[in-house]
Amino acid sequence: MAYDQTSMNIKLIARQDAILQGLTRYFTGKPCKDGHIAERYTGNKTCCVCGNASANKAKDPNKVYAYNRDWRQSNVKKSLIYTQKYVQKNRDKRNLWTANYRSAKDNRTPAWLTDFDKLKIESIYSIAAMLTRENKEPWHVDHIIPLRGENVSGLHVPLNLQVILGADNVRKCNQYGV
């Protein structure tokens with residue numbers, strides 16, 4: 001991007017000059033077909049505002065999730081290697097996430113739980129482990145009302161737990177009613 005250093009205004013520059021200078025964007029001061037007076041990409045002459053808007057439209061979360069899931073399933077070894085490298089490089093982030101989750105779970109486990117309630121919780125986790133072993137795909141214990149939800153937070157009690165496929169739980173994230 002070409003800036004006037006004294007006033008921090010964008011300088012007018014022709015596309016060819018921007019290409020010669022090795023810039024990725026240029027500014028003509030003329031509106032695009034949609035009326036935006038903004039920088040344009042040197043590669044395709046597209047207005048940056050229009051380009052960003054179309055890129056954001058293309059990012060349908062369900063399509064992105066499906067593409068990533070399909071890629072992981074067809075590239076299991078590569079996916080595992082990428083995950084291991086990430087965990088090694090970001091061990092501190094992973095440890096912090098785990099500590100925060102455990103803390104939230106501890107803070108959301110009420111003192112009034114009976115021994116029978118604790119046994120129910122343990123049984124639910126055992127069912128998830130058994131389903132994982134038998135079906136050879138991960139099953140998770142999900143909090144129906146998330147412990148760290150954005151608008152509402154639930155408790156770590158038997159009535160708030162359900163056993164679901166790991167992929168569905170990951171997709172649900174910290175959302176309620178999905």
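The line from CD of Gln21 to CD of Gln16 is 12.0 Å long, rounded to the nearest 0.5 Å. Between the SG atom in Cys47 and the CD atom in Glu39 there is a gap of 9.5 Å [rounded to 0.5 Å]. Rounded to the nearest 0.5 angstrom, Arg102 CZ and Asn100 CG are separated by 11.5 Å. Put simply, CG on Asp142 and CD1 on Ile124 are 11.0 Å apart, with the number rounded to the nearest 0.5 Å. Atoms CG and NE2, from Leu165 and His140 in turn, are 9.0 Å apart once rounded to the nearest 0.5 Å. Note that the CG atom of Asn169 and the CD atom of Gln162 stand 8.0 Å from one another [nearest 0.5 Å].
Using a 4.5 Å cut-off on side-chain heavy atoms (C-beta onward), Leu12 and Tyr26 make no contact. Put simply, the side chain of Arg15 does not reach to within 4.5 Å of the side chain of Arg40, judged on heavy atoms. The closest side-chain heavy-atom distance from Thr109 to Leu113 is below 4.5 Å. Counting only heavy atoms from C-beta outward, the side chains of Arg72 and Arg69 approach each other to under 4.5 Å. Side-chain contact between His36 and Pro31 is absent, with no heavy atoms from C-beta onward closer than 4.5 Å.
Side chains of Thr98 and Asn95: a donor-acceptor N/O pair is absent below 3.5 angstrom, by distance only.
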Derivation and outcome, side chain to side chain donor-acceptor pair (under 3.5 Å), residues Asp117 and Thr114:
CA-CA 5 Å; Asp117 289 331; Thr114 65; 3.3 Å; yes
Hey, mind stepping through His156 and His143 against side chain to side chain contact (heavy atoms under 4.5 Å, CB included) and telling me if it holds?
CA-CA 7 Å; His156 185 64; His143 291 88; 2.7 Å; yes
Kindly indicate, with the supporting measurements, whether the criterion side chain to side chain contact (heavy atoms under 4.5 Å, CB included) is fulfilled by Arg148 and Ser153.
CA-CA 5 Å; Arg148 298 182 292 172; Ser153 295; 5.6 Å; no
Determine all donor-acceptor pairs shorter than 3.5 Å in which one atom belongs to a side chain in residues 74-86; sequence neighbours excluded.
{"from": "Ser74", "atom 1": "OG", "to": "Asp70", "atom 2": "O", "distance (Å)": "3.1"}
{"from": "Ser74", "atom 1": "OG", "to": "Trp71", "atom 2": "O", "distance (Å)": "3.2"}
{"from": "Asn75", "atom 1": "ND2", "to": "Trp71", "atom 2": "O", "distance (Å)": "3.0"}
{"from": "Thr83", "atom 1": "OG1", "to": "Ser79", "atom 2": "O", "distance (Å)": "2.9"}

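Within the structure, the ring pair (Phe, Tyr, Trp, His ring centres under 6.0 Å) test picks out the following pairs touching residues 100-137 (sequence neighbours left out): Trp97-Tyr101.
Looking only at distances, no side-chain donor or acceptor of Asp168 sits under 3.5 Å from a matching main-chain atom of Ile164. Looking at Lys172, its side chain does come within 3.5 Å of a backbone N or O of Ile144 through a donor-acceptor pair. Here the side chain of Asn160 pairs no donor or acceptor atom with the backbone of Gly154 at under 3.5 angstrom. Although no hydrogens or angles enter the test, the distance criterion places no donor-acceptor pair under 3.5 Å between the side chain of Ser103 and the main chain of Ala99. A donor-acceptor pair under 3.5 Å is formed between the side chain of Asn44 and the backbone N or O of Thr46. A distance-only check finds a donor-acceptor pair linking the side chain of Thr42 to the backbone of Leu23 [under 3.5 Å].
Here the shortest heavy-atom pairing between Val141 and Ala128 reads CG2-CB, 3.7 Å. Heavy atoms only, all atoms of each residue included: Val157 and Leu161 are closest at O-CG, 3.4 Å.
Within a 6.0 Å radius of CD1 in Ile19, more than 12 heavy atoms belonging to other residues, nucleotides or ligands are found. Atom CG of Asp115 has 12 or fewer heavy atoms from other residues, nucleotides or ligands within 6.0 Å.
When hydrophobic clusters are built by joining Ile, Leu, Val, Met, Phe, Trp and Tyr residues whose side-chain heavy atoms come closer than 4.5 Å, directly or via intermediates, Val163 is not grouped with Leu147. Residues Ile145 and Ile121 are members of separate hydrophobic clusters, defined by side-chain heavy-atom contacts under 4.5 angstrom among Ile, Leu, Val, Met, Phe, Trp and Tyr.
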